Asks: 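What follows is a structure written as structure tokens; I'll ask about it next.
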2 protein chains.
Amino acid sequence: MTNSERYKIEAKARILKALAHPTRLFIIDKLKERTHCVCELTELVGADTSTVSKHLSILKHVGLVESRKEGTMVHYSLADECVVKCVGCLGEIVLRQLERQVASLADDA
Amino acid sequence: MTNSERYKIEAKARILKALAHPTRLFIIDKLKERTHCVCELTELVGADTSTVSKHLSILKHVGLVESRKEGTMVHYSLADECVVKCVGCLGEIVLRQLERQVASLADDA
DNA sequence: GGCGTATATGGCAATATAACCAATTAAGGT
DNA sequence: ACCTTAATTGGTTATATTGCCATATACGCC
């Protein structure tokens, strides 16, 4: 493996690790529609502000979201629309898995 | 959030967590081309067999890969081609991030 | 049956993650 | 300057992940 390959694979793994949490996926899903401030997301997620803030900082650190400060509030938005496509593919995988489960249940019956 | 939404988001997070490791991404990348047995992957990865076997079991557990036993060997393959698309999107994100970094370096100069 | 190769599993130590609370910083309004 | 609201950061505890070693299992061959 070349250094460039190693770098890319590690960068991808970092991004995936940042995505791999229900709360963070939920946040990404909300930001897909529009920009949200931390207090809105805190409300939507239903956890401590500090918890949500840390999740956001994890997403920001790998470049998946951007923040813009306005007065006392911080507005977060998606940094790259590609993540929507990526999560969309996952959705397809999940659906297909469900279909298979249903099919195998039908076979048993 | 409905139960169905919660289920899907957790399913996606489980899959992402399984993907989010350099070695496992590397394995997925190798399986993209063709089926590989554990010993081949062990050789390619350069880690202990037990380590590779555990990575494969993590990938299998979330339904990303399938295994077929043949004699004393076990052949692993991709279970859903969609994961290729998903990792491809990640690649785009990484490239775009690199481009931005290069651009900002150019700005500084 | 006994041996060698291919995988898988259990156990362990090191490290990483996650959630909350508490404390801090930042900006506005009065 | 003081108070309030918004957000971040540090600390702590509980839990999860990772990688290797040692051990077990499975299969083919003699």
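Quantities reported herein were computed from a predicted structural model and do not represent experimental measurements. Just so we're on the same page: letters track the sequence lines, and every chain starts at 1. Note that these values count all heavy atoms, side chains included, but never hydrogens, waters or copies made by symmetry.
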Asks: Kindly write out the residues that satisfy ring-ring contact (aromatic ring centres under 6.0 Å, His included) with B:His55, not counting sequence neighbours, or none if the list is empty.
Replies: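 Result, ring-ring contact (aromatic ring centres under 6.0 Å, His included) vs B:His55: B:His21.
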Asks: Of all the heavy-atom pairs spanning A:Glu10 and B:Pro22, show the shortest one and how long it is.
Replies: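 Shortest heavy-atom contact: CG-CG, 4.2 Å.
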Asks: A:Arg24 CZ to C:dA19 C1': how many Å, rounded?
Replies: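 Computing the A:Arg24:CZ to C:dA19:C1' distance gives 12 Å.
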Asks: Roughly how many Å is it from NE2 in B:His61 to C1' in D:dT17, rounded to a whole number?
Replies: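 Going from NE2 in B:His61 over to C1' in D:dT17 covers 15 Å.
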Asks: Only distances under 3.5 Å count here; give the side-chain donor-acceptor pairs of residues 32-46 of chain B to other protein atoms, sequence neighbours excluded, each with its distance to 0.1 Å.
Replies:
from    : atom 1 : to      : atom 2 : distance (Å)
B:Lys32 : NZ     : B:Asp29 : OD1    : 2.8
B:Arg34 : NH1    : B:His36 : ND1    : 3.4
B:His36 : ND1    : B:Glu40 : OE1    : 3.2
B:Glu40 : OE1    : B:Cys37 : N      : 3.0
B:Thr42 : OG1    : B:Val38 : O      : 2.8

Asks: Mind running a 4.0 Å heavy-atom check of residues 15-22 of chain A against DNA chain D and sending the residues that fall below it, in number order?
Replies: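 Nothing qualifies; none.
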Asks: Let me know the distance between CZ of B:Arg14 and P of C:dT17, rounded to the nearest Å.
Replies: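 Whole-Å distance recorded here is 20 Å.
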Asks: Of all the heavy-atom pairs spanning A:Ile93 and B:Val83, show the shortest one and how long it is.
Replies: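 It is CD1-N, 3.8 Å.
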Asks: Which residues satisfy the side chain to side chain contact (heavy atoms under 4.5 Å, CB included) test with B:Cys89, sequence neighbours excluded?
Replies: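 If we apply the side chain to side chain contact (heavy atoms under 4.5 Å, CB included) test to B:Cys89, skipping adjacent residues, the hits are A:Cys82, A:Lys85, A:Cys86.
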Asks: Does B:Ala18 offer a backbone N or O that forms a donor-acceptor pair with the side chain of B:Arg24 under 3.5 Å?
Replies: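 It does hold such a pair.
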Asks: When you look at NZ of A:Lys8, are more than 12 heavy atoms from neighbouring residues, nucleotides or ligands closer to it than 6.0 Å?
Replies: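 Counting neighbours around NZ of A:Lys8, 12 or fewer heavy atoms of other residues, nucleotides or ligands fall under 6.0 Å, so no.
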Asks: Closer to the 5' end of DNA chain C via nearest nucleotide, is it A:Gly46 or A:Lys69?
Replies: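 It is A:Gly46 whose nearest nucleotide is closer to the 5' end.
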Asks: For nucleotides 3-9 of chain D, just jot down a letter per nucleotide in 5' to 3' order: B, S or -, based on protein non-hydrogen atoms under 4.0 Å.
Replies: --BSSBB
Asks: To the nearest Å, how far apart are A:Phe26 CZ and C:dA19 P?
Replies: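 In whole Å, C:dA19 P lies 14 Å from A:Phe26 CZ.
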Asks: Side-chain atoms of residues 61-74 of chain A: list all donor-acceptor pairs with protein atoms under 3.5 Å, sequence neighbours left out, distances to 0.1 Å.
Replies:
from    : atom 1 : to      : atom 2 : distance (Å)
A:Ser67 : OG     : A:Lys60 : NZ     : 2.7
A:Arg68 : NH1    : A:Glu70 : OE1    : 2.6

Asks: Figure out the NE2/P separation between B:His55 and C:dT9, and round it to whole Å.
Replies: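 Taking NE2 of B:His55 and P of C:dT9, I get 15 Å after rounding.
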